[in-house]
Asker: 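Questions regarding the structure given below will be posed in turn.
This one's a predicted model, so the numbers in the text were calculated from it and none came from an experiment. Numbers here simply count residues along the sequence, with the first being 1. When a ligand or atom number is given, it counts from 1 through the structure's own listing order.
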Amino acid sequence: MDEPIVVGIDIGTTKTCTLVARVEGERSLRILGVGIEPSQGIRKGTVVDLTAATQSVARSIEKAERSSGLEITSALVSLAGSHVSSVNSRGVVGISGRVIDGDDVARALEAAQAVAIPHNREVIHVIQRGFVIDGQDGIRMPIGMHGYRLEVEAHIITAAQSTVENLRQCVSSSGVEVSQFVLNPLASAEVVLSETERQMGAVVCDIGGGTTDLAIYIDGDVWHTMVLAVGGNHITSDIAHGLRLPVSQAEDVKKQYGNAIEGEVGEDEFFSVRTFSEEKPMQVSRKELAHIIEARVEEIFLLVLQEIKRSGYDGLLPAGMVLTGGSSLLPGIRTLASNVLGVPVRIARPENLVGLTDQLGSPAYSTSVGLLYWALLMNEAGPLVGGGSHGKGAPVDLTNIKEWLKRLLP
Ligand SMILES: Nc1ncnc2c1ncn2[C@@H]1O[C@H](COP(=O)(O)OP(=O)(O)OP(=O)(O)O)[C@@H](O)[C@H]1O
Ligand SMILES: [Mg+2]
């Protein structure tokens, strides 16, 4: 058991999923522990009831500990919500004609971070998008090259400090340290995006219960990220209002009979459901249901389109959209997305998993599994699981640029 253990806690709006995995080989993971619990006290990706959220996180962690037989002391944790924002920034440093080393790159990234970041915001990720040496752009790996002036283009993701702190507290109440927060779509992308898509230009769209998370990848790097505060729960609530059903029933009806395209459903298709007002079950047309769903899903994709256009990268995504998250299970959603966005769309889920993987092959678990791959990417050498002879995993802090670079650069 000398291979490193990685742990991810995906705190979603509808479910919290803790996964424990052992790193086997270079990019291979064996899932050892799974703890899936309905989330409480989380709305649109953020904590609204600390006690309730802490309890559901604790239950999820306990389950994962029980199924893996390991004690969790440290984990990567997913982050989303409309409090997250991102900016692209440039950092410039002088080199004076010598060979560029890791410290210079770190200084340039630090300079990029010097953009006005308000005190109440925490830097979550600083992602390098490319380097410019003496005006020559498109440089991927500046270390070892000569130059006088090194510029880095960075994508900086920040989040509201108070919201991040609440989430940290939910996890630390269970005695687990957050080694790093990872933005939802970046975790999902590690699982669903192929190398070709990443290079060609594609957008990852994870539609969960309370959020729609976007990440645009071009030339192999993240160029833009965005979290929208809409998701499957809004579809459910539209159905509850439209058909006068309790929310739990609307949720069942959506999953069982829903379709995102009204035109795909026949006039003569009905299902029976007991509404608030009626004693006896009522017959509802599936077309009517699809009509309600289509309106909301179309609106979500129009918002997505608006965001992609606002980023300015709309012309640079020939590989189109990779759709994931629990709501991507809705029949017809791929076609609707493709119609609204005018790009090819495919639906993706975690694949080729080894170990305790029964429930994890659904698009709902892309972020959860992605956290583990993110941990791999960060080359988490220290054990994240304590107990026995294992110590506590060394915390990884992305704001600590030098450490981060050591992990990312060869
Ligand atoms: N078969 C299905 N058809 C339609 N929607 C579905 C289906 N299965 C799950 N969903 C929806 O997926 C959503 C949950 O997805 P997911 O588990 O990805 O969300 P989450 O991670 O908890 O939330 P978020 O990431 O938004 O904070 C719910 O709104 C649920 O109704
Ligand atoms: Mg999610």
Side-chain angles (χ1 to χ4, degrees), residues 8-19 35-48 53 56-57 60 76-84 163 167 170 181-192 204-215 225-240 245 247-261 286 289-290 292-294 296-297 300 304 323-334 336-337 347-350 359-371 374:
I9 307 176
D10 175 11
I11 307 176
T13 307
T14 65
K15 53 96 181 55
T16 298
C17 174
T18 303
L19 297 180
I36 300 170
E37 271 290 309
S39 290
Q40 257 131 34
I42 308 280
R43 205 159 292 158
K44 297 178 185 175
T46 62
V47 178
V48 291
S56 57
V57 169
S60 160
L76 274 79
V77 175
S78 69
L79 183 83
S82 47
H83 64 102
V84 176
T163 316
L167 210 51
C170 279
F181 285 105
V182 182
L183 194 68
N184 270 7
L186 298 184
S188 300
E190 288 308 314
V191 167
V192 301
V204 175
C205 178
D206 182 317
I207 311 185
T211 65
T212 293
D213 315 310
L214 300 171
T225 50
M226 179 60 58
V227 178
L228 303 171
V230 284
N233 285 352
H234 297 78
I235 307 174
T236 301
S237 121
D238 287 355
I239 297 169
L245 297 174
V247 169
S248 61
Q249 221 168 351
E251 174 78 11
D252 291 346
V253 159
K254 173 180 81 172
K255 289 183 184 165
Q256 218 175 332
Y257 306 106
N259 198 307
I261 298 186
R286 275 193 68 197
L289 176 68
I292 297 170
I293 296 175
E294 180 170 343
R296 175 62 83 166
V297 177
I300 293 176
V304 167
L323 194 57
T324 192
S327 295
S328 69
L329 287 166
L330 192 65
I333 197 165
R334 196 191 66 77
L336 185 57
I347 292 172
R349 58 189 77 223
Q359 298 165 76
L360 303 179
S362 153
Y365 297 104
S366 294
T367 305
S368 320
V369 176
L371 286 173
W374 187 272

Asker: Any side-chain donor-acceptor pair under 3.5 Å between Thr163 and Thr46?
Answerer: no

Asker: Report yes if some heavy atom in the side chain of Val247 is under 4.5 Å from a heavy atom in the side chain of Ser237; otherwise report no.
Answerer: no

Asker: The criterion is side-chain hydrogen bond (donor to acceptor under 3.5 Å, both in side chains); which residues satisfy it with Ser188, sequence neighbours excluded?
Answerer: Asp206, Thr367

Asker: Who are the side-chain hydrogen bond (donor to acceptor under 3.5 Å, both in side chains) partners of Glu251, not counting sequence neighbours?
Answerer: Thr236, Lys255

Asker: Go ahead and list the nitrogen or oxygen contacts between ligand 1 and the protein that come in under 3.5 Å, distances to 0.1 Å, or just say none.
Answerer:
{"from": "ligand 1", "atom 1": "10 (N)", "to": "Gly326", "atom 2": "O", "distance (Å)": "3.4"}
{"from": "ligand 1", "atom 1": "12 (O)", "to": "Ser327", "atom 2": "N", "distance (Å)": "3.2"}
{"from": "ligand 1", "atom 1": "15 (O)", "to": "Gly326", "atom 2": "N", "distance (Å)": "3.4"}
{"from": "ligand 1", "atom 1": "17 (O)", "to": "Lys15", "atom 2": "NZ", "distance (Å)": "3.0"}
{"from": "ligand 1", "atom 1": "18 (O)", "to": "Gly326", "atom 2": "N", "distance (Å)": "2.8"}
{"from": "ligand 1", "atom 1": "19 (O)", "to": "Gly209", "atom 2": "N", "distance (Å)": "3.0"}
{"from": "ligand 1", "atom 1": "21 (O)", "to": "Lys15", "atom 2": "NZ", "distance (Å)": "2.8"}
{"from": "ligand 1", "atom 1": "22 (O)", "to": "Thr13", "atom 2": "N", "distance (Å)": "3.3"}
{"from": "ligand 1", "atom 1": "22 (O)", "to": "Thr14", "atom 2": "N", "distance (Å)": "2.8"}
{"from": "ligand 1", "atom 1": "22 (O)", "to": "Thr14", "atom 2": "OG1", "distance (Å)": "2.6"}
{"from": "ligand 1", "atom 1": "22 (O)", "to": "Lys15", "atom 2": "N", "distance (Å)": "3.1"}
{"from": "ligand 1", "atom 1": "23 (O)", "to": "Thr13", "atom 2": "N", "distance (Å)": "3.1"}
{"from": "ligand 1", "atom 1": "23 (O)", "to": "Gly209", "atom 2": "N", "distance (Å)": "3.1"}
{"from": "ligand 1", "atom 1": "26 (O)", "to": "Gly209", "atom 2": "N", "distance (Å)": "3.0"}
{"from": "ligand 1", "atom 1": "26 (O)", "to": "Gly210", "atom 2": "N", "distance (Å)": "2.9"}
{"from": "ligand 1", "atom 1": "26 (O)", "to": "Thr211", "atom 2": "N", "distance (Å)": "2.8"}
{"from": "ligand 1", "atom 1": "26 (O)", "to": "Thr211", "atom 2": "OG1", "distance (Å)": "3.0"}
{"from": "ligand 1", "atom 1": "27 (O)", "to": "Thr13", "atom 2": "N", "distance (Å)": "2.7"}
{"from": "ligand 1", "atom 1": "27 (O)", "to": "Thr13", "atom 2": "OG1", "distance (Å)": "2.6"}
{"from": "ligand 1", "atom 1": "29 (O)", "to": "Lys254", "atom 2": "NZ", "distance (Å)": "3.4"}
{"from": "ligand 1", "atom 1": "31 (O)", "to": "Glu251", "atom 2": "OE1", "distance (Å)": "3.3"}
{"from": "ligand 1", "atom 1": "31 (O)", "to": "Glu251", "atom 2": "OE2", "distance (Å)": "2.5"}
{"from": "ligand 1", "atom 1": "31 (O)", "to": "Lys254", "atom 2": "NZ", "distance (Å)": "2.6"}

Asker: Please name all residues satisfying side-chain hydrogen bond (donor to acceptor under 3.5 Å, both in side chains) with Ser328, sequence neighbours left out, ordered by chain then number.
Answerer: none

Asker: Among Thr225, Asp213, Thr212, whose side-chain hydrogen bond (donor to acceptor under 3.5 Å, both in side chains) with Asn184 holds?
Answerer: Asp213

